[in-house]
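Shown next, in structure tokens, is the structure this report addresses.
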Amino acid sequence: MTHLRILALAAALLAGPVAAAQANGAQDAALCRTMSATLAPRQAEIRALTSDRDAAATAAEDLGDVWEEAETHRLVSAARAREADAARTAYDEARQLLARRELALQSAVRQYNTDIEAFNARCTRQR
């Protein structure tokens with residue numbers, strides 16, 4: 001939810017006066033238009049990374065449930081123990097994928113926030 005708030009705040013900031021009208025001079029106006037044009041694709045990238053992370057979280061949770069179920073039958077037989085081991089391996093791999101996707105999302109949001117700060121500092125009026 002925090003990421004959605006960040007995106008909503010960024011959209012609200014961009015929905016204000018046109019950056020080019022607020023810039024000082026033609027060179028700043030061009031730079032502000034260029035900066036503004038890069039923000040929407042970054043938002044789309046963040047939405048895609050959020051979706052990927054959410055899918056990885058769901059998969060990890062589901063595989064965790066499978067592993068827990070298999071673990072309860074571990075002592076029944078050697079075959080069940082192997083199934084539990086395989087389920088645990090799949091769960092661990094899913095958790096690692098989730099961690100990688102979470103880090104990628106955090107990195108993208110951090111960069112987006114830096115870009116928004118630069119845009120605001122250069123292209124919006126101080127009140």
Side-chain angles (χ1 to χ4, degrees):
M1 285 312 229
T2 302
H3 304 297
L4 293 177
R5 283 189 230 139
I6 292 169
L7 292 175
L9 177 62
L13 290 173
L14 294 176
V18 177
Q22 296 176 347
N24 296 324
Q27 188 175 13
D28 278 351
L31 179 62
C32 289
R33 278 192 300 274
T34 301
M35 291 171 76
S36 179
T38 65
L39 297 177
R42 287 227 186 246
Q43 287 177 336
E45 175 189 11
I46 289 170
R47 282 191 297 275
L49 289 170
T50 300
S51 178
D52 290 347
R53 188 269 325 263
D54 291 348
T58 300
E61 186 174 323
D62 291 346
L63 288 170
D65 291 343
V66 169
W67 170 64
E68 286 177 0
E69 179 64 27
E71 193 65 28
T72 61
H73 302 290
R74 171 181 287 284
L75 299 177
V76 172
S77 69
R80 292 288 179 114
R82 284 189 300 274
E83 289 173 11
D85 290 342
R88 175 63 192 251
T89 299
Y91 173 57
D92 287 342
E93 290 170 357
R95 288 178 39 213
Q96 290 171 1
L97 177 63
L98 173 59
R100 286 192 303 272
R101 291 200 174 157
E102 179 64 31
L103 288 174
L105 175 59
Q106 289 176 14
S107 176
V109 169
R110 200 170 20 258
Q111 183 60 50
Y112 180 77
N113 287 339
T114 300
D115 293 347
I116 287 290
E117 288 175 16
F119 177 83
N120 287 340
R122 178 100 187 207
C123 301
T124 60
R125 290 186 189 151
Q126 300 298 322
R127 294 179 191 225

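Side-chain atoms are counted along with the backbone in the values below, which use heavy atoms only and exclude waters and symmetry mates.
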Any chance you could measure D54, atom CG, to E102, atom CD, to the nearest 0.5 Å?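 Separation between the atoms: 9.0 Å.
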
So which of D65, T72, V66 actually passes side chain to side chain contact (heavy atoms under 4.5 Å, CB included) with E69?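 For E69, the side chain to side chain contact (heavy atoms under 4.5 Å, CB included) check succeeds only for T72.
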
For the residue pair D115 and Q111, establish whether any side-chain heavy-atom pair is separated by less than 4.5 Å.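 Yes; the side chains approach each other to less than 4.5 Å.
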
Measure the shortest side-chain to side-chain distance between Q106 and L103 over non-hydrogen atoms and say whether it is less than 4.5 angstrom.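 SC-SC contact between Q106 and L103 confirmed.
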
Looking at every non-hydrogen atom in both residues, tell me the closest pair between [X] and [Y] and how far apart they are.
{"X": "A104", "Y": "L49", "result": "O-CD1, 3.9 Å"}
{"X": "Y112", "Y": "L39", "result": "CE1-O, 3.6 Å"}
{"X": "L63", "Y": "A90", "result": "CD1-O, 3.7 Å"}
{"X": "W67", "Y": "A87", "result": "CA-CB, 3.7 Å"}
{"X": "T38", "Y": "M35", "result": "OG1-O, 2.7 Å"}
{"X": "L105", "Y": "I46", "result": "CD1-O, 3.8 Å"}

Can you name the residues that form a side-chain hydrogen bond (donor to acceptor under 3.5 Å, both in side chains) with [X], not counting sequence neighbours?
{"X": "E45", "result": "none"}
{"X": "D92", "result": "R88, R95"}
{"X": "R101", "result": "none"}
{"X": "R74", "result": "E71, D85"}

Strictly distance-based, threshold 3.5 Å: is any side-chain N or O of S36 a donor or acceptor partner for the main-chain N or O of C32?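 Side chain of S36 to backbone of C32: no pair is present.
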
Checking L98 now: which residues fulfil side-chain contact (heavy atoms from CB on, under 4.5 Å) with it, not counting sequence neighbours?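 Per chain and number, L98 pairs via side-chain contact (heavy atoms from CB on, under 4.5 Å) with R53, A56, A57, A60.
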
Starting from I116, can I reach V109 by hopping between I/L/V/M/F/W/Y residues whose side chains sit under 4.5 Å apart?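 Yes; tracing contacts between hydrophobic side chains, which count when under 4.5 Å, links both residues.
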
Does anything in residues 32-60 form a ring-ring contact (aromatic ring centres under 6.0 Å, His included)? List the pairs, not counting sequence neighbours.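 Listed once each, the pairs would be none.
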
